[in-house]
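Written below as structure tokens is the structure these notes are about.
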Amino acid sequence: MQTPPATPLRLGSRTKLTIALVGAGLWASGGLWLIFHYYLRRPGPWGPEPHLLEPWWLRLHGLFAFAALWLIGLLCGLHIVRAWQSGRRRWSGGILLAWLVVLTLTGYLLIYAGDDGAWGLVSPSHWIAGLALPVIYGVHRLFRFPRRR
């Protein structure tokens with residue numbers, strides 16, 4: 001069966017693959033950082049020390065985050081504006097975009113907020129939202145809701 005051609009509402013197969021690869025890399029690197037940070041610390045002479053791979057997972061996460069920001073910009077011009085005008089999947093797309101904005105802002109705050117109190121609040125918000133993102137994306141991608149007229 002032949003796939004329909006890409007339109008502003010339908011993304012091409014390469015674009016979908018890029019979104020999937022960047023999203024999976026971002027999610028996996030963030031999840032691996034969480035596991036290594038909270039569960040795989042090693043004992044040191046003055047208490048638990050970070051695992052040797054922990055900073056590398058964070059660096060890889062930052063690299064995928066940069067690619068994700070580029071993709072969000074691409075999708076704004078290529079897909080989001082025209083899809084919003086059509087009214088299709090507006091709720092799920094709006095929630096997905098808002099979710100991505102929250103992740104971007106909390107990621108920014110994790111890098112630049114110097115206050116430990118703020119960091120203690122922002123960090124769990126970021127990783128909970130990040131771990132839930134595949135569900136939000138899946139709802140937008142897979143479910144079709146009736147369109148209001």
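Just so you know, these numbers come straight off a predicted model, no measurement behind them. All values below come from the heavy atoms of this structure, side chains included, with hydrogens, waters and symmetry mates left out. We're numbering straight along the sequence, starting at 1.
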Between CG on residue L110 and NE2 on residue H61, distance to nearest 0.5 Å: 8.5 Å
Listed partners of R90 passing side-chain contact (heavy atoms from CB on, under 4.5 Å), at least two apart: W84
Indicate the atoms forming the closest heavy-atom contact of A68 with L26, along with that distance. CB-CD2, 3.8 Å
I128 reachable from L32 in the ILVMFWY side-chain graph, under 4.5 Å edges: yes
Joint hydrophobic cluster, Y39 plus W127, side-chain heavy atoms closer than 4.5 Å: yes
Treating Ile, Leu, Val, Met, Phe, Trp and Tyr as nodes and any side-chain heavy-atom pair under 4.5 angstrom as an edge, say whether V81 and L75 lie in one connected cluster. no
Can you tell me if R41 has over 12 outside heavy atoms packed within less than 6.0 Å of its CZ? yes
W119 reachable from L121 in the ILVMFWY side-chain graph, under 4.5 Å edges: no
Donor-acceptor pairs are to be reported for all side-chain atoms of residues 98-108 against protein atoms at under 3.5 Å, with residues two or more places apart or in another chain.
residue: W99; atom: NE1; partner: A129; partner atom: O; Å: 2.9
residue: T104; atom: OG1; partner: L100; partner atom: O; Å: 2.8
residue: T106; atom: OG1; partner: V102; partner atom: O; Å: 2.9
residue: T106; atom: OG1; partner: L103; partner atom: O; Å: 3.2
residue: T106; atom: OG1; partner: H126; partner atom: ND1; Å: 2.7

Hey, can you tell me if Y38 and W33 have their rings parallel, tilted or perpendicular (30° and 60° cut-offs)? perpendicular
Quick one: does any side-chain atom of S123 pair with a main-chain N or O of G120 as donor and acceptor, under 3.5 Å? no
For R14, look at atom CZ and say whether over 12 heavy atoms of other residues, nucleotides or ligands are found less than 6.0 Å away. no
So which atom in V139 and which in S92 form the shortest heavy-atom distance, rounded to 0.1 Å? CG1-CB, 4.4 Å
Which distance, rounded to the nearest 0.5 Å, do you find between the CG of L71 and the OG1 of T15? 8.5 Å
Please collect all salt bridge (charged side-chain N to carboxylate O under 4.0 Å, His left out) contacts where either partner lies in residues 118-136, sequence neighbours excluded, each pair once. none
Under 3.5 Å, side-chain donor or acceptor atoms of residues 44-58 against the rest of the protein: list the pairs with distances, not counting sequence neighbours.
residue: H51; atom: ND1; partner: L53; partner atom: N; Å: 3.0
residue: E54; atom: OE2; partner: H37; partner atom: ND1; Å: 2.6

Report yes or no: does H140 contribute a side-chain atom to a donor-acceptor pair with the main-chain N or O of G93 at less than 3.5 Å? yes
Cluster membership besides L17, Ile/Leu/Val/Met/Phe/Trp/Tyr side chains within less than 4.5 angstrom, sorted by chain and number, is L21
Any chance you could measure I95, atom CD1, to R89, atom CZ, to the nearest 0.5 Å? 13.5 Å
Quick one: are L11 and I19 in side-chain contact, heavy atoms under 4.5 Å? yes
For W27, side-chain contact (heavy atoms from CB on, under 4.5 Å) partners two or more places apart: L131, P134
